Each structure stands twice: as structure tokens, then as C-alpha cells.
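Everything numeric here is computed off the predicted structure, so don't read it as measured data.
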Amino acid sequence: MTRRQFAALLLQASAGHDQSWPISHTHDHVQGLDVDRDWFWISAVDRRTKTGWIWRVDRRTLRAAAERNITQGAHYHPGGLQVAGGSLWVPIAEYRPRSSSRVLELDPLTLVERRSFAVDDHIGAVAGDGRTFVLGANWDARRFYRWTLTGRRLRAVDNPGPLAIQDLKWVDGKLYAGGLVERKCRLEQLDPETFATARSFSLPGGVCYTQEGLALFDGRFYFLPEDEPNSRIYSAKM
């Protein structure tokens, strides 16, 4: 039995019937993930060419339906993303902490930029309701931000917990975060006002599922933990 097959069995035993999808790409290091009934949206940074990428994958065929290089000069590190309010929101940052970013609003199908705003920090993940606000977490999520859709800053709050967040999702008024604490993978629901941990989820063993992309759709969590050439999306009902 291979490591991947063993991990799939653990996922099935720990979190209900498992599902997984191999994702073929050549974009090096995966970052963010979002999911709906038809599509996977994925971001990645190619450290070899210093470029940042977004692509949309057909869930049935697993073929890329759209792909875009979103590099903007020194900003080539995309982060955790979310499709909300008919737009795809994703940060593109310098590849170092305490640097700078732009938060992009893209068309979720064509991936064409609609608008963006600048942030004087490295933003590693964004989420939001798509109607009134965008949330962001900086490098390792030491600070959370809240902006209007046009980029006016509403709040900046230090992270009260140790979770180094890799991806965020705002779903039905609840905030979910995946990341690491002392190299251990954690999935948490956060209080949307204080950002303190409201609930922790048990993750199966075998794979560090929350070390990169995280999504929640139709009652199931989705994880994208592995880089190319072995990228695979896993799903589990918690």
C-alpha cells in the first residue's frame, strides 16, 4: 500500500467517505483553493520564474478551463483566495514578510482583473462576503485586516492565537482557517470579531492537509496540501 492510499484510508475512516482529485500543473508551489459545484480555483507561486498564477479547473475533466499569470512586478506571491459575490478575490504580494501586496478582484470565469487595491503588508490570504468587506491575514497571520471592497481599511487586529494561516474562508457568516501551529496542521473556526479560536476540527493523519489551500462547499472541506508534480485535492465531511 502506498503512502497516498494509506492516507486516503485514514481520511475515510476519520471523516466519512473520502474523495480526491489529482491536479496536473507545472506552477511549483500551490497556495490557495476554492470550490463550487463545477470548478476548482487554485493559486500557486512559481519560485523558479518568480511568477504568480491562478487557474480554474473543471471538476469533471480535471482540465484547466482558464489560466492567468497575475504577477505585478515584485508582487508574484499569490495567497489564499475566495470566490464571493460574483468575484474571485486573491492577494498578490512580494515574497517576504512585512512587505507589500495588492488585493485583486478578478472575474471568476475569465480571471480578468476588475479592480485592485494596495496594502502595505504581505497579505497571505483573503476572504469575504463579496458584498461589504474583504478580510486579509498577513504573513503567518500575525495580523488580520478588514477592508471595504474598494480597499479602505476598517480594522487591523493582532492575531490572538498561534495559527499560521495559509487559507481563509468566509461561509454563511462563519470564518474558517487552515494552517499550522509548530508544524502541526490545524483546521479552525474563528470568531469573526476577535479572530480567537471558536472551534477546532480533528484532522486525519497521513497528510498535513491544511499546509496550503482550504475550501468549504456544500458541507465538505477541501484541502490542497501538495506541490507539483503530486498535487491532489482531498475532500472530507467533518
Distance alone, cut at 3.5 Å: any donor-acceptor contact between the side chains of [X] and [Y]?
X: W53; Y: T51; answer: yes
X: E228; Y: T26; answer: no
X: H27; Y: E67; answer: yes

So, [X] side chain and [Y] main chain: donor-acceptor pair closer than 3.5 Å or not?
X: Q82; Y: G128; value: yes
X: D140; Y: R142; value: no
X: Q211; Y: P225; value: yes
X: R68; Y: T110; value: no
X: R96; Y: E94; value: no

Is there a side-chain contact between [X] and [Y] in this structure, where contact means two heavy atoms from C-beta onward sitting under 4.5 Å apart?
X: L81; Y: I54; answer: yes
X: Q166; Y: T210; answer: no
X: Q31; Y: E212; answer: yes
X: R56; Y: P108; answer: no

Is [Y] paired with [X] through a side-chain N to carboxylate O contact shorter than 4.0 Å?
X: D46; Y: R48; value: yes
X: E226; Y: R232; value: no
X: R220; Y: D218; value: no

Donor-acceptor contacts under 3.5 Å from residues 149-158 side chains, at least two apart:
unit_1, atom_1, unit_2, atom_2, d
T150, OG1, T148, OG1, 3.2
R155, NH1, E193, O, 3.1
R155, NH2, E193, O, 3.2
D158, OD1, R143, NE, 3.1
D158, OD1, R143, NH2, 3.1

Mind jotting down which residue pairs meet the disulfide (SG to SG under 2.5 Å) criterion with at least one end in residues 159-193? Sequence neighbours excluded, please.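 Passing the test, one end in residues 159-193: C185-C208.
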Among residues at least two apart in sequence or on other chains, which ones pass ring pair (Phe, Tyr, Trp, His ring centres under 6.0 Å) with F133?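 Once residues adjacent in sequence are excluded, the partners of F133 under the ring pair (Phe, Tyr, Trp, His ring centres under 6.0 Å) criterion are W170.
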Following the transitive rule for hydrophobic clusters with a side-chain heavy-atom cut-off under 4.5 Å over Ile, Leu, Val, Met, Phe, Trp and Tyr, establish whether W41 and W89 coincide in one cluster.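 Per the 4.5 Å side-chain linkage, W41 and W89 are not co-clustered.
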Same apolar cluster: V181 and L214, side chain cutoff 4.5 Å: no
For the CZ atom of F195 and the CG atom of L163, what is their distance to the nearest 0.5 Å? 13.0 Å
Between [X] and [Y], how do the two ring planes meet: parallel, tilted or perpendicular, split at 30° and 60°?
X: Y95; Y: W139; result: tilted
X: Y209; Y: Y234; result: perpendicular
X: F40; Y: W21; result: perpendicular

